[in-house]
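Everything below concerns the one structure shown next.
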Amino acid sequence: SVGRLNWEKNFELLIKICKKLKESTKFEFQITIVGDGPDFNKISEMIKKNKLEKLIYLKGELSNDEVKDFMSNLDIYLQTSLSEGSPLTIKEAMVTPLVVISSNVGGISNLIKNNINGFLVYKINSDFFVETIMKVLKMRENEINKIKKSANKFIMANFSSSRLASTLFNYIRDTLR
């Protein structure tokens, strides 16, 4: 996951998810959190308190290029936010393309169509996230590839630089008329 380490991003929930996955699955996994913010030390302490240092890694802040590289090595992108607008990190994950599992808050449902180009978790609690993660881990490769392709296609059609430039050009042209 990538984001500012504050209450809105709800990284504490990632720790709970990790703990439940560790207890309930034989799948090997790790969770990496990229970002910095006021809750960095609090999250670090929670990881230690729950003895999850071998499963959850705090990377700190990375450059844009480093974030792209980081995302290209992921299998699943998790977003556990309590509040969002239209998050750039989800758009970046979708274009990478990754399977995105996100809380259904703010404008996220304008990006993710549940079970089509990603997965929305309607109740922000660890059980529902774990259930969705397990669902994805049990999917066949062709099903996962279909979701990734759909995510990438949606972002390219709606948020590519040429699409945004065209929208801006049309707005300026219409305003000047």
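The basis for the numbers below is simple: all heavy atoms, side chains too, and nothing from hydrogens, waters or symmetry mates.
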Separation between CG (Leu88) and CG (Leu111), nearest 0.5 Å, reads 10.0 Å

Original post:
Does Ser150 reach the main-chain N or O of Lys146 with its side chain, forming a donor-acceptor pair under 3.5 Å?
Top reply: no

All heavy atoms of Lys22 vs all of Lys51, minimum pair found to be NZ-O, 3.7 Å

>> For residues Leu120 and Ile116: do they belong to one hydrophobic cluster (side chain heavy atoms under 4.5 Å, members Ile, Leu, Val, Met, Phe, Trp, Tyr)?
In response: no

Measure from the side-chain N and O atoms of Asn114 to the backbone N and O of Ser109, and report whether any donor-acceptor pair falls under 3.5 Å.
no

Nearest heavy-atom contact between Phe129 and Gln79 is CZ-O, 3.6 Å

Residues Leu13 and Ser126: closest non-hydrogen pair is CD1-N, 3.4 Å

Step by step, work out the side-chain hydrogen bond (donor to acceptor under 3.5 Å, both in side chains) result for Lys135 and Asn115. CA-CA 11 Å; Lys135 174 183 172 179; Asn115 296 305; 2.6 Å; yes

Checklist line | Connected via hydrophobic side-chain network under 4.5 Å: Phe40 and Tyr57 | finding: no

Here the pair of heavy atoms bringing Thr89 nearest to Met71 is O-CE, 3.5 Å

So CG of Asn41 and CG of Leu5: to nearest 0.5 Å the spacing works out to 10.0 Å

Closest non-hydrogen atoms of Ile155 and Val95, given as atom of the first, atom of the second and distance, are CG2-CB, 3.9 Å

With sequence neighbours left out, the residues meeting salt bridge (Lys or Arg N to Asp or Glu O under 4.0 Å) with Asp36 are none

Residues Ser1 and Phe11: closest non-hydrogen pair is OG-CE2, 3.5 Å

Distance col, row Ser86:OG vs Asn158:CG, nearest 0.5 angstrom, shows 10.0 Å

